[in-house]
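Data first, discussion second: the structure below is written as structure tokens.
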2 protein chains.
Amino acid sequence: MTENRRPRTVIVGGVAGGMSAATRLRRLDEQREIVVLEKGEHVSFANCGLPYHIGGVIEERSALLLQTPESLRARFDLDVRTGHEVVSIDRDARTVTVRTAAGTEQIAYDDLVLATGAAPVRPGLPGAERAHVLRDVADVDRIVAALAADDAPTTAAIVGAGFIGLELAENLAHRGLGVTLVELADQVLPPLDPEMARLVQDRLEAHGVTVRTGSGATAVEGDDLVLADGTRVPAGLLVMAVGVTPESRLAREAGLETGARGAVLVDAAQRTNDPHIYAVGDVALKRDAIDDADSFVPLAQTANRHGRLVADATVGRTVKALPVLGTAVVGIFGLTAASTGWSEKRARAAGRDVRIIHTHPADHAGYYPGATSMALKLVVDAATDAILGAQGVGEAGVDKRIDVIATAMRGGLTASDLADLELAYAPQYGSAKDPVNMLGMVAENLANGTTRSLQWHELDDALAGGAVLVDVRTAGENAAGAIPGALNIPVDDLRARHGELAGREIVVHCAVGQRGHTAARLLTQLGHTAVNLDGGYRTWAAATRTVPAAV
Amino acid sequence: MTENRRPRTVIVGGVAGGMSAATRLRRLDEQREIVVLEKGEHVSFANCGLPYHIGGVIEERSALLLQTPESLRARFDLDVRTGHEVVSIDRDARTVTVRTAAGTEQIAYDDLVLATGAAPVRPGLPGAERAHVLRDVADVDRIVAALAADDAPTTAAIVGAGFIGLELAENLAHRGLGVTLVELADQVLPPLDPEMARLVQDRLEAHGVTVRTGSGATAVEGDDLVLADGTRVPAGLLVMAVGVTPESRLAREAGLETGARGAVLVDAAQRTNDPHIYAVGDVALKRDAIDDADSFVPLAQTANRHGRLVADATVGRTVKALPVLGTAVVGIFGLTAASTGWSEKRARAAGRDVRIIHTHPADHAGYYPGATSMALKLVVDAATDAILGAQGVGEAGVDKRIDVIATAMRGGLTASDLADLELAYAPQYGSAKDPVNMLGMVAENLANGTTRSLQWHELDDALAGGAVLVDVRTAGENAAGAIPGALNIPVDDLRARHGELAGREIVVHCAVGQRGHTAARLLTQLGHTAVNLDGGYRTWAAATRTVPAAV
Ligand SMILES: Cc1cc2nc3c(=O)[nH]c(=O)nc-3n(C[C@H](O)[C@H](O)[C@H](O)COP(=O)(O)OP(=O)(O)OC[C@H]3O[C@@H](n4cnc5c(N)ncnc54)[C@H](O)[C@@H]3O)c2cc1C
Ligand SMILES: Cc1cc2nc3c(=O)[nH]c(=O)nc-3n(C[C@H](O)[C@H](O)[C@H](O)COP(=O)(O)OP(=O)(O)OC[C@H]3O[C@@H](n4cnc5c(N)ncnc54)[C@H](O)[C@@H]3O)c2cc1C
Ligand SMILES: CC(C)(COP(=O)(O)OP(=O)(O)OC[C@H]1O[C@@H](n2cnc3c(N)ncnc32)[C@H](O)[C@@H]1OP(=O)(O)O)[C@@H](O)C(=O)NCCC(=O)NCCS
Ligand SMILES: CC(C)(COP(=O)(O)OP(=O)(O)OC[C@H]1O[C@@H](n2cnc3c(N)ncnc32)[C@H](O)[C@@H]1OP(=O)(O)O)[C@@H](O)C(=O)NCCC(=O)NCCS
């Protein structure tokens with residue numbers, strides 16, 4: 001194959017995974033010919049910034065374009081060709097066929113890296129031809145143009161309440177549109193569990209976004225989007241953000257093996273079943289860090305990471321498998337929602353016996369001004385105390401806690417080990433017992449049987465079984481909102497009044513679980529059977545409310 | 001010993017370590033009598049908030065008082081006695097002698113927990129009787145009263161530029177005083193290395209604080225503090241913040257073993273050489289997480305953590321040793337400085353062969369508004385790639401990165417492993433390659449010989465040995481400030497111009513090390529011998545400048 005030329009690596013797709021591979025490869029091999037073929041007009045652009053240019057937060061379109069073919073040529077001697085779409089691979093000849101404005105050509109390769117990403121799914125609704133999607137700069141240009149037109153829409157419907165749908169909702173609301181977010185599932189942000197996602201929905205609604213969960217879009221009629229339940233949603237601008245699908249057609253047609261969701265199967269070195277062809281980024285299948293199962297995680301960090309790794313692999317370096325946790329974060333009207341690893345629903349679906357912990361700590365010491373509260377959730381393997389996942393929603397400090405937990409997971413620390421992490425503490429930054437430490441303490445108490453807890457969805461059954469629910473908050477807190485049927489005995493009165501509870505199974509709860517823990521320990525030692533409602537009133541309220549909370 | 005009474009645990013000192021032990025103990029044992037003896041007027045106060053009440057940031061004094069004897073009695077059935085100073089321990093009789101306003105009494109114990117903390121060191125300078133120290137609420141009251149007096153001072157001298165000294169400097173400056181910070185060492189914040197600490201000093205100076213490093217205080221004369229070099233520093237208010245010493249007199253007089261700095265020797269269960277006596281918090285000696293040596297780390301997180309642990313130990317639970325990294329953070333005029341583990345100087349003093357990495361990443365994606373740059377430093381064991389320590393200084397996101405690295409250290413991850421951490425990325429929160437990932441990539445490149453770097457302090461020798469220094473930044477950057485003697489060849493011109501460097505050993509540098517890395521790889525592959533100046537111009541400039549930088 002190698003005619004009279006230098007060894008050549010051809011990379012298909014010139015953004016996160018592809019360009020990271022190209023630049024790293026150049027640093028490893030100055031001699032190799034590196035050709036990057038990109039069907040679009042731009043390479044190395046900031047996909048993740050696209051929604052924010054629509055909202056005007058990132059004012060300059062040029063800020064999205066991190067590199068150009070010229071800059072990449074100058075610095076890395078890369079042969080970057082935009083407007084070059086690879087339409088087929090001839091594995092025997094080791095060539096790709098490329099379509100350009102000027103026609104079709106063959107390009108030979110020694111190594112081929114597929115970094116074609118994933119394409120937005122376009123549900124085939126009648127009338128939805130006018131729907132936008134958001135993947136690249138051209139999509140942004142189209143949306144920006146529509147919003148700048150004389151007959152610019154004043155309403156927008158976004159189908160899909162995942163990360164991109166949420167970012168779009170915020171940014172279109174910023175631009176003054178009346179935004180409706182439509183989601184088939186019963187909650188926004190499906191990677192989160194519902195009681196956590198509810199907090200995000202509260203925030204959306206508080207900022208005027210109409211959220212319609214549990215209802216699918218069925219048709220587009222005129223300016224309206226029609227939902228399965230008959231509701232008509234104003235959709236002057238219509239955007240589909242219902243997920244992405246790996247752009248693996250090329251691979252499939254070339255006989256490369258694919259797996260779940262049609263993503264390309266690769267080994268730990270990102271190699272496909274053809275030893276000369278690699279795949280990275282959204283087009284490639286990943287391995288889940290928890291159960292090693294097939295995993296489709298279309299995220300920038302993984303694309304960049306695997307892009308760099310594949311360069312090492314192509315020059316013959318030993319590389320090691322990098323499974324994925326799927327750590328992700330989104331900012332929404334000042335709120336941060338983040339997660340790593342598995343949600344509770346995913347763990348339960350996988351048949352795991354789990355322990356669940358909800359807390360509502362302050363991001364920093366309460367006595368220092370500006371502290372805000374967040375909701376954290378930890379999903380723990382009941383058999384091993386391994387951390388399966390974590391979620392956080394709050395004003396500040398959520399990304400930090402999720403990053404710490406993701407790192408602990410990578411380091412193989414148990415949930416109880418989180419109690420002992422030594423995190424940087426001064427009153428502006430955290431607490432002497434950091435929220436992550438607190439999760440660890442609760443986990444340890446559950447693991448060694450110091451305490452038992454009950455989840456919000458187990459409460460009704462417990463009460464139906466005859467348990468008494470005791471609200472150990474103050475009378476004032478109780479008056480401001482209570483779980484129906486709860487008896488209010490403030491924790492500080494329990495020693496005097498516990499006789500009232502004699503002979504009953506007891507569920508205690510406070511606002512967040514902390515006083516409940518002290519109460520449950522006290523009652524248990526006084527001879528009662530007591531469990532603590534995990535996450536307290538706040539988790540229960542978020543999980544059960546159907547109307548937005550005051551924010 | 002146990003007369004006709006319940007088993008009794010006596011805790012000496014009622015703040016971080018002591019009160020954490022007391023509350024946990026109550027949750028574990030409802031029957032035990034728990035007596036907390038505190039010589040001061042307050043328990044459970046927010047030591048770490050004290051400087052901020054002086055500055056008015058924490059407006060209400062009451063915000064510092066987290067619990068009272070009454071609240072602790074009500075919730076935890078604790079017998080908390082303020083104004084009770086333990087003056088001696090009779091180990092044979094298992095009693096302590098307590099001095100109160102009313103006289104002296106004996107109190108018997110079954111278990112005794114010493115949580116007496118550490119006392120500010122008061123250097124014996126002539127005339128320094130009027131100097132304040134800052135440890136408790138009474139100290140704050142005295143300083144606040146001095147500042148509110150009719151003849152309130154307009155200048156302040158603070159001796160000692162550690163964490164508390166810096167916080168005081170900021171807070172006194174907030175109140176409008178002319179502040180001078182005096183430090184015997186050649187830098188502020190001794191736990192950091194000098195080139196990192198310089199950035200903190202820059203910030204102090206930019207906010208009008210006069211910083212005098214490398215000069216000890218020798219006397220107080222009238223309103224002035226006189227330094228060893230003869231300088232007179234205006235010191236209307238004088239505060240000593242030169243460190244703390246364990247309050248271990250009680251322990252020593254009772255024949256308990258002490259170690260480094262006079263701190264009380266304890267085992268993994270916080271037990272002293274007397275099986276009935278435990279010690280936690282600042283008074284107790286810790287074990288260093290890196291080399292298991294004696295370590296004196298007077299920090300709140302450790303005090304709380306060991307306080308909780310000792311409660312478990314006293315009820316007979318198996319507990320595990322918790323060595324310390326000494327993770328710490330301070331905010332100073334909007335700048336955050338944090339560190340975990342060992343500094344470079346400490347590692348070198350311990351005879352370790354280390355690899356050092358300096359980076360200057362943005363806290364979040366540069367294309368999203370508001371990104372600011374930070375300085376990070378990683379200290380790596382050259383033999384094992386183990387992370388020995390990290391430091392960070394910057395506007396935002398520093399505490400997050402140090403917490404992640406502290407967690408990685410606890411999980412036993414290597415420096416190279418940091419490249420693979422999967423951290424939450426969206427443009428407001430980080431970068432697709434997070435600053436911590438980048439440290440890992442650089443570490444990996446050094447570990448496997450992909451690249452070689454040179455430290456700022458090695459540059460002069462390299463140049464004296466005949467190496468040529470090549471600045472690969474743009475001509476504009478070079479013109480704005482350059483290392484003397486550097487030849488400017490922008491990285492994008494290197495392929496064309498590398499012939500100019502033939503036959504010379506080459507040191508390349510850019511602004512931060514990143515383009516330098518690409519340049520060094522390029523030159524190496526073109527047959528040259530090239531090393532990259534670690535941290536680039538910014539680290540070199542911070543390390544070598546003696547005048548404040550523009551901020
Ligand atoms: C709006 C938006 C917001 C996002 N926000 C985040 C975020 O906050 N955090 C996060 O982690 N991730 C985010 N992502 C996901 C992240 O951008 C992707 O995971 C990442 O870009 C995937 O990298 P990749 O290299 O696999 O694919 P891409 O970056 O999508 O690049 C693939 C490229 O291949 C080209 N291509 C495809 N087929 C061919 C062909 N046949 N011939 C030539 N070229 C071809 C495409 O035109 C495309 O430019 C976001 C994505 C979008 C769209
Ligand atoms: C101004 C300031 C700011 C700080 N900022 C931070 C920070 O930001 N982050 C951080 O991690 N750490 C910080 N610290 C350190 C932190 O407060 C201590 O590490 C922590 O409080 C130690 O807990 P301890 O229980 O060992 O001692 P302490 O909290 O000091 O409590 C000891 C108590 O014992 C009492 N006592 C002593 N001897 C006797 C006796 N013989 N009889 C009866 N009572 C006695 C004392 O009066 C004192 O109240 C700060 C400290 C100060 C002073
Ligand atoms: C930016 C892009 C072109 C890759 O370029 P790159 O030079 O490989 O990557 P970076 O700029 O991130 O730099 C990383 C390199 O600098 C090195 N580096 C970083 N800081 C350094 C420092 N201070 N000292 C020495 N080396 C340093 C790293 O080790 C790494 O080199 P290596 O791979 O040889 O180890 C590619 O990632 C891209 O196109 N990104 C935009 C698209 C995208 O990612 N979209 C999704 C997110 S919005
Ligand atoms: C506050 C103080 C009295 C200790 O009280 P405490 O009740 O033990 O501690 P916290 O309020 O931090 O709560 C921790 C407990 O609540 C539990 N908890 C926290 N959140 C919970 C939740 N959501 N659900 C269930 N349990 C929870 C923890 O597991 C822990 O209980 P455990 O020790 O039995 O495992 C003591 O630390 C103190 O005096 N601090 C002030 C002084 C100080 O620390 N100064 C230095 C820093 S400024």
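Since the model is a prediction, treat every value here as computed from it, not as a measurement.
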Greatest number of heavy atom pairs closer than 4.5 Å to chain A - which of Gly331(B), Ala338(B), Ser20(B): Gly331(B)
Taking every heavy-atom pair that is under 4.5 Å apart, which of Gly430(A), Ala520(A), Ala74(A) has the most such pairs with chain B? Ala74(A)
Could you tell me which portion of Pro51(B) (side chain, backbone, both or neither) has an atom closer than 4.5 angstrom to a non-hydrogen atom of chain A? neither
Rounded distance (nearest 0.5 Å) linking atom CZ of Arg27(B) with atom OG1 of Thr450(A): 10.5 Å
Turns out that what part of Arg410(A) lies under 4.5 Å from chain B's heavy atoms comes down to both
Hey, which of Arg401(B), His53(B), Gln31(B), Met441(B) has the most heavy atom pairs under 4.5 Å with chain A? Met441(B)
Correct closest heavy-atom pair for Ala432(B) and Asn304(A) would be CB-ND2, 3.2 Å
Residue part contacting chain A, namely of Val330(B), when any heavy atom lies under 4.5 Å: backbone
Per-residue contacts, residues 55-65 of chain B versus chain A, heavy atoms under 4.5 Å: Val57(B), Ile58(B), Ala63(B)
Heavy-atom pairs under 4.5 Å with chain A: which of Lys400(B), Glu167(B), Arg73(B) has the most? Lys400(B)
Using non-hydrogen atoms only, which part of Tyr52(A) is less than 4.5 Å away from chain B: side chain, backbone, both, or neither? side chain
When you compare the side chain of Asp417(A) with that of Lys320(B), does any pair of heavy atoms fall below 4.5 Å? yes
For the candidates Thr524(B), Thr340(B), Asp420(B), which exhibits the highest count of non-hydrogen atom pairs separated by less than 4.5 Å from chain A? Asp420(B)
Nearest 0.5 Å, please: how far is CG in Asp399(A) from CG in Asp434(B)? 9.5 Å
Provide the closest heavy-atom pair for Leu421(A) versus Gln301(B) in the form atom of the first, atom of the second, distance. O-NE2, 2.6 Å
Side chain / backbone / both / neither for Met409(B) at chain A, heavy atoms under 4.5 Å: neither
Against chain A, label Arg495(B) side chain, backbone, both or neither, depending on which of its atoms sit under 4.5 Å from a heavy atom there. side chain
Determine the minimum heavy-atom distance between Glu422(B) and Ala406(A), stating which atoms define it. O-CB, 3.6 Å
Where is the tightest heavy-atom contact between Thr407(A) and Ala408(B), given as atom of each residue plus distance? CG2-N, 3.6 Å
When heavy-atom pairs shorter than 4.5 Å are enumerated against chain B, which of Thr23(A), Asp77(A), Leu494(A) gives the highest number? Asp77(A)
Please flag which part of Asp493(B) lies under 4.5 Å from any non-hydrogen atom of chain A: side chain, backbone, both or neither. neither
Side chain, backbone, both or neither: which part of Ala328(B) has a non-hydrogen atom closer than 4.5 Å to chain A? backbone
Worked check of side chain to side chain contact (heavy atoms under 4.5 Å, CB included) between Thr518(A) and Arg75(B): CA-CA 8 Å; Thr518(A) 288; Arg75(B) 180 142 324 154; 4.2 Å; yes
Part of Arg26(B) within contact of chain A (heavy atom distance under 4.5 Å): both
So what's closer than 4.5 Å to chain B heavy atoms on Leu526(A): side chain, backbone, both or neither? side chain
Distance from Asn445(B) atom CG to Leu28(A) atom CG, nearest 0.5 Å? 8.0 Å
Supply the atom-to-atom distance Tyr429(A) OH to Ile402(B) CD1, rounded to the nearest 0.5 angstrom. 12.0 Å
So which part of Glu30(B) gets closer than 4.5 Å to some heavy atom of chain A, the side chain, the backbone, both or neither? both
Interface check, chain B: of Ala16(A), Cys48(A), Ala303(A), most non-hydrogen pairs under 4.5 Å belong to Cys48(A)
So how far is it from Glu444(B) CD to Arg308(A) CZ, rounded to the nearest 0.5 Å? 4.5 Å
Write down the atom of Asp403(A), the atom of Ala424(B), and the distance for their closest heavy-atom approach. OD1-N, 2.7 Å
Given that the side chain runs from C-beta out, which part of Asp29(B) has a heavy atom under 4.5 Å from chain A: side chain, backbone, both or neither? both
Sort Phe163(A) into side chain, backbone, both or neither according to what part of it lies under 4.5 angstrom from a heavy atom of chain B. neither
Where does Leu325(B) contact chain A at under 4.5 Å (heavy atoms): side chain, backbone, both or neither? both
Rounding to 0.5 Å, atoms CZ (Phe76(B)) and CG (Leu522(A)) come to a distance of 10.0 Å
Chi angles and distances behind the side chain to side chain contact (heavy atoms under 4.5 Å, CB included) call for Tyr367(A), Leu66(B): CA-CA 8 Å; Tyr367(A) 62 79; Leu66(B) 306 182; 4.0 Å; yes
If you tally heavy-atom pairs under 4.5 Å between each of Gln525(A), Gln428(A), Arg521(A), Lys433(A) and chain B, the highest tally belongs to Gln525(A)
Measuring heavy-atom distances to chain A, does Tyr368(B) have an atom under 4.5 Å in its side chain, in its backbone, in both, or in neither? both
Max heavy-atom pair count under 4.5 Å with chain A, selected residue of Gly326(B), Ala365(B), Ser339(B): Gly326(B)
Which atoms of Val436(B) are under 4.5 Å from chain A, going by heavy atoms: the side chain, the backbone, both sets, or neither? neither
Checking Thr336(B) against chain A: side chain, backbone, both or neither under 4.5 Å from a heavy atom? both
Give, as side chain, backbone, both or neither, the part of Leu423(B) having an atom under 4.5 angstrom from any heavy atom of chain A. both
